[in-house]
Amino acid sequence: MELVGKADELRPDDDSEELVALVRARVERLHAADAAAGYAAHLREALDYRSWHAVEVTILGPEQGQTRKISRRAKISQGETRFVSYVTLFAAADGYLSGLPDAAGALRLVLLDDAFAKVDERAIGELMGLLVRLDIDFVMTGHALWGTVPEVPALDIYEIRRMGDSCVVPTHIHWDGRNKHFLATVSR
């Protein structure tokens, strides 16, 4: 894990050679157990981090020093579970995007369909603020999801409304961190 955790540019040659040797040994063990599966299958399995690494999310609080693991027995609401899941998702996205070879030029974007369903307004503000602090751009869909919270300094919103049974009317609204500004409605 320590070797994988270092970016290629920062990993010394000796460590890279050790990492290659470890992966090679893993592929060879898999091949010895099932030669018929083929090299690509063994390599895919050897590189699948889920077989040799686990991610555990620990919830801190609400009481001082209290910790809880996410599980079916954890006494947390659906909204809290979703909040923790979003925080974990955003941390993973940030970790991945920050580790790209050209991280400074990479598109830092997440797409969220039906974003923040069953999450309360205060928590939505916290989550959107987290995206801002992580410098991750976002595209979201959601029912009555405006994103006009103090934690978001600027946002362009496109509300899509259906008129009757046929046409839709997109409305462009800009949030400047304090106020919504109606910019345009496109119609035919």
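Only a predicted model underlies this, so the values are computations on that prediction, with no experimental measurement involved.
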Before giving the answer on side chain to side chain contact (heavy atoms under 4.5 Å, CB included), spell out for Ile173 and Leu183 the whole-Å C-alpha distance, their side-chain angles and the decisive distance to 0.1 Å.
-> CA-CA 5 Å; Ile173 301 157; Leu183 297 178; over 6 Å; no

Using the side chain to side chain contact (heavy atoms under 4.5 Å, CB included) rule, take Glu17 and Val20 through it: C-alpha gap first, then chi angles, then the decisive distance, then the call.
-> CA-CA 5 Å; Glu17 289 172 18; Val20 169; 5.7 Å; no

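In terms of heavy-atom proximity, Ala46 sits nearest to Val27 at CB-CG2, 3.7 Å. Heavy atoms only, all atoms of each residue included: Val149 and Gly125 are closest at CG2-CA, 3.9 Å. Nearest heavy-atom pair, Ala106 versus Leu100, reported as atom, atom and distance to 0.1 Å: CB-CD1, 3.7 Å. The nearest pair of heavy atoms linking Tyr86 to Phe116 is OH-N, 2.9 Å. Residue Leu97 comes nearest to Ala103 through the heavy atom pair O-CB, 3.6 Å, listed as atom of the first residue, atom of the second, then distance. The two atoms that bring Val110 and Ala93 nearest to each other are CG1-CB, 4.0 Å, heavy atoms only.
Here the CD1-CH2 distance, from Ile157 to Trp175, works out to 8.0 Å after rounding to the nearest 0.5 Å. To the nearest 0.5 angstrom, His31 atom NE2 is 13.0 Å from Leu43 atom CG. Taken from CG in Leu155 to NZ in Lys180, the straight-line distance is 10.5 Å, to the nearest 0.5 Å.
The salt bridge (charged side-chain N to carboxylate O under 4.0 Å, His left out) check on Arg122 picks up Glu126, with sequence neighbours excluded. Every residue two or more places apart in sequence or in another chain that forms a side chain to side chain contact (heavy atoms under 4.5 Å, CB included) with Gln66 is listed here: Pro62, Glu63, Arg68. Taking Asp34 as the reference, Ala36, Ala37, His42 meet the side chain to side chain contact (heavy atoms under 4.5 Å, CB included) condition, with sequence neighbours excluded. Listed by chain and number, the residues in a side chain to side chain contact (heavy atoms under 4.5 Å, CB included) with Leu109 are Leu107, Leu111, Asp137, Val139 (sequence neighbours excluded).
One hydrophobic cluster, built from ILVMFWY side chains closer than 4.5 Å, cannot hold both Met140 and Tyr158; they sit in different ones. Criterion: ILVMFWY side-chain heavy atoms under 4.5 Å apart, direct or through other members. Under it, Leu131 and Leu89 are part of a common hydrophobic cluster. Hydrophobic clustering places Ile136 together with Leu127 (ILVMFWY residues linked when any side-chain heavy atoms are closer than 4.5 Å, directly or through intermediates).
Under the salt bridge (Lys or Arg N to Asp or Glu O under 4.0 Å) criterion, the residue pairs touching residues 86-104 are Asp94-Arg108, with sequence neighbours excluded. The stretch residues 142-157 participates, sequence neighbours left out, in these side-chain hydrogen bond (donor to acceptor under 3.5 Å, both in side chains) pairs: Asp156-His172, Asp156-His174.
With a 4.5 Å cut-off on side-chain heavy atoms, Thr88 and Val84 count as touching. By the 4.5 Å heavy-atom criterion applied to side chains, Ile59 and Thr67 are not counted as neighbours. Taking 4.5 Å as the limit, every side-chain heavy atom of Val168 sits out of range of all side-chain heavy atoms of Arg161. Looking at heavy atoms from C-beta onward, Glu18 lies in side-chain contact with Asp15 at the 4.5 angstrom threshold. In this structure the side chain of Ile124 reaches within 4.5 angstrom of the side chain of Glu121, judged on heavy atoms. Contact annotation: the side chain of His181 approaches that of Asp176 to within less than 4.5 Å [non-hydrogen atoms, C-beta and beyond].
More than 12 heavy-atom neighbours from other residues, nucleotides or ligands sit within 6.0 angstrom of CG on Asn179.
By the 4.0 Å N-to-carboxylate-O rule, Arg82 lies too far from Glu80 to be salt-bridged with it.
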